[in-house]
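Have a look at the structure below, then the notes.
To find a chain, count down the sequence lines: A is the first, B the second, and so on, and within it residues start at 1. Computed over heavy atoms, backbone and side chain alike; hydrogens, waters and symmetry mates excluded.
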2 protein chains.
Amino acid sequence: MSETKANLDTRERILDVAERLFMAHGYEGTSMRMITGAAEVNLAAVNYHFGSKEALLRDVFRRRLAWLNGERLRALDALEKQADGAPLKPSQVLEAFFGTLLRMGEDESLGGMTFLRLLGRTLTEPAEFIRTFFAGEYAEVIERYKRALFRALPDVPRAEIVWRLHFMLGAMSYAIAGTDVLQVVTGCELNELKELNEPDESAGAGVAGNRDEAVRLAERLMPFLLGGLRAPLPHFIQENLQ
Amino acid sequence: MSETKANLDTRERILDVAERLFMAHGYEGTSMRMITGAAEVNLAAVNYHFGSKEALLRDVFRRRLAWLNGERLRALDALEKQADGAPLKPSQVLEAFFGTLLRMGEDESLGGMTFLRLLGRTLTEPAEFIRTFFAGEYAEVIERYKRALFRALPDVPRAEIVWRLHFMLGAMSYAIAGTDVLQVVTGCELNELKELNEPDESAGAGVAGNRDEAVRLAERLMPFLLGGLRAPLPHFIQENLQ
DNA sequence: CTACTATTAAAACGAACGTTTGATTTAACA
DNA sequence: TGTTAAATCAAACGTTCGTTTTAATAGTAG
């Protein structure tokens, strides 16, 4: 009995279920009883293992962000070592930052698209403890990448770079998190997106589809982001398209 | 007595307060008691005037979106009439769509930046009734603008156009909604953003600052969005920057 | 076996939630 | 001025929330 339960210990199973439910219903919209019910553990298990609901959310993210931002730092280290003191190319910096994220979406053992969408959604959650938590978790990575971009674009005003990085983070976040929302809004012509749109399905059946989707998303998003970085300065909206 | 109360009737005052609080704390994070308390009305007033909390949120958005999307349709009508059957330029379409939105952010009587940020945040809320509501409210506008973009870019695959529109909506949404979040994440170098960062202040003192900020945001965001539309197709990430 | 620690279980806690009720006040019109 | 409908009010409704408590159950070293 309890074959599926014995595979993972309680702690890990709670983290997996919470990740999925927070993504599907948001932080406030997910109750402890929903989590412990879906994870088939006792109601008190969350408070026993994590202390509180807030701490659970933090641990859900810590588990993934530790890997993600570590990988990002390692990628930047490798690039800078290879460049040997010379400034990096802007696309290298962006590829290291966003490429690492998108590759994470392809790996189901790292949370896959479920976590990426949760991340994108949670970045806009207004709760104070969430914001301060993210600020702390991201501080080092953002600082390093900002410096790399400043060196890569010495002639662009630094405020402009930060603005554009801001927009790129937004486009990326939203493109991932809002997929199902805007699929409806934009009119369902992209039925290949449909596979992503089953937030409550945890079966392994959709894994392959999600991986393909992540690859496709990465390919389409990267040039868009570079386009954002390469765009002309304000007041110069010329008409050289098509 | 009740000088500030007598100016607006109960209904309108509830809408204003709810708009502000939903923005600051999210839908689930805002209680009826917070709303009625801040609006200085009885707890039962919301259910009396609107029926339920969900209906209140819908009315908060209806009040603004009716104006916004109506204006968007009128702007597109004007452009198409002026073009006299010829395809529009892509930048004209984007300017009509996003420019209308950003100009709304400059007008405090239309909700200003408070509503824009609420809109951006709520678009990623997972609650089902919110999603279906937005899909209905946006359907006509998106359909019209999609058609205009298809005509404006006959050589670009339609799926590609929808993708890029998707990303642009995301970048715009997030740039507005996530201002205070990413200000922290990206390191506070843009201290001119600080003025926006007082979600609980309703006094008129910050109005001028917010309007300036909206104009600045518009100027910076538009070329970024055009850059997104103008970006090369996948697999062609060349290095012509800086 | 005993003693001890870690984990799970059932039950209940007080607080806060959205909503409803029924009485009371306000405003408009005959 | 008396009548009626709209609006406001205090109070309570039943439910659900996150958390805590207390007891029972492994699992392990001495």
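- The side chain of B:Leu43 lies closest to C:dT19, out of C:dT7, D:dT8, C:dT19.
- Of all the residues in residues 56-64 of chain A, not one reaches under 4.0 Å from DNA chain C with any non-hydrogen atom.
- Residues A:Ala45 and B:Arg33 each lie close to DNA chain C; by heavy-atom proximity, the contact nearer the 5' end of the strand is made by A:Ala45.
- Distance CE (A:Met32) to P (D:dT19): 5 Å, rounded to an integer number of Å.
- Among the heavy atoms of the strands lying under 4.0 Å from B:Thr30 are primed sugar atoms or P, OP1, OP2 only; no base atom is included.
- Closest to the side chain of B:Ser52, out of C:dT19, D:dT19, D:dG18, is C:dT19.
- Taking 4.0 angstrom as the limit, A:Ser31 places none of its side-chain polar atoms (N or O) nearer than this to OP1 or OP2 of D:dT16.
- A salt bridge (charged side-chain N to carboxylate O under 4.0 Å, His left out) with B:Asp59 is found for one member of B:Arg11, B:Lys53, B:Arg64 and no other, namely B:Arg11.
- If A:Met34 and A:Asn42 are placed on DNA chain D by their nearest nucleotide, the residue sitting closer to the 5' end is A:Met34.
- Side chain of B:Thr10, nearest nucleotide from D:dG18, D:dT8, C:dT8: D:dT8.
- In this entry the distance linking CD1 of B:Ile35 with P of C:dG18 reads 8 Å, nearest Å.
- Rounding to whole angstrom units, CZ of residue B:Phe50 and P of C:dT19 are separated by 13 Å.
- Side-chain contact check for A:Val141 versus A:Leu73: some heavy-atom pair is nearer than 4.5 Å.
- Close to D:dT8, at under 4.0 Å from its OP1 or OP2, lies a side-chain N or O of B:His49.
- Interatomic distance, CZ of B:Phe115 versus CZ of B:Arg63, reported as 9.0 Å (0.5 Å rounding).
- The side chain of A:Ala44 has C:dA10 as its nearest neighbour among D:dG18, C:dT7, C:dA10.
- Look at CZ on A:Arg11: it is 16 Å from C1' on C:dT8, rounded to the nearest Å.
- Distance OH (A:Tyr48) to P (C:dT5): 12 Å, rounded to an integer number of Å.
- Between A:Arg103 and A:Glu95 there is a salt bridge, since a side-chain N of the basic residue sits under 4.0 Å from a carboxylate O of the acidic one.
- Using a 30° and 60° split on the angle between ring planes, A:Tyr27 and A:Phe22 fall in the tilted class, from 30° to 60°.
- Here the C1' atom of nucleotide D:dA12 and the CG atom of B:Asn47 are 14 Å apart, to the nearest Å.
- We find the CD-CD1 distance between A:Glu19 and A:Ile14 to be 13.5 Å, quoted to the nearest 0.5 Å.
- Per the geometry, CD belonging to A:Glu40 stands 15 Å off C1' belonging to C:dT8, to the nearest Å.
- For B:Ser31, the side chain to side chain contact (heavy atoms under 4.5 Å, CB included) criterion is met by B:Arg33, B:Met34, not counting sequence neighbours.
- Put simply, CD1 on A:Ile14 is 8 Å from P on C:dT8, counting in whole angstrom units.
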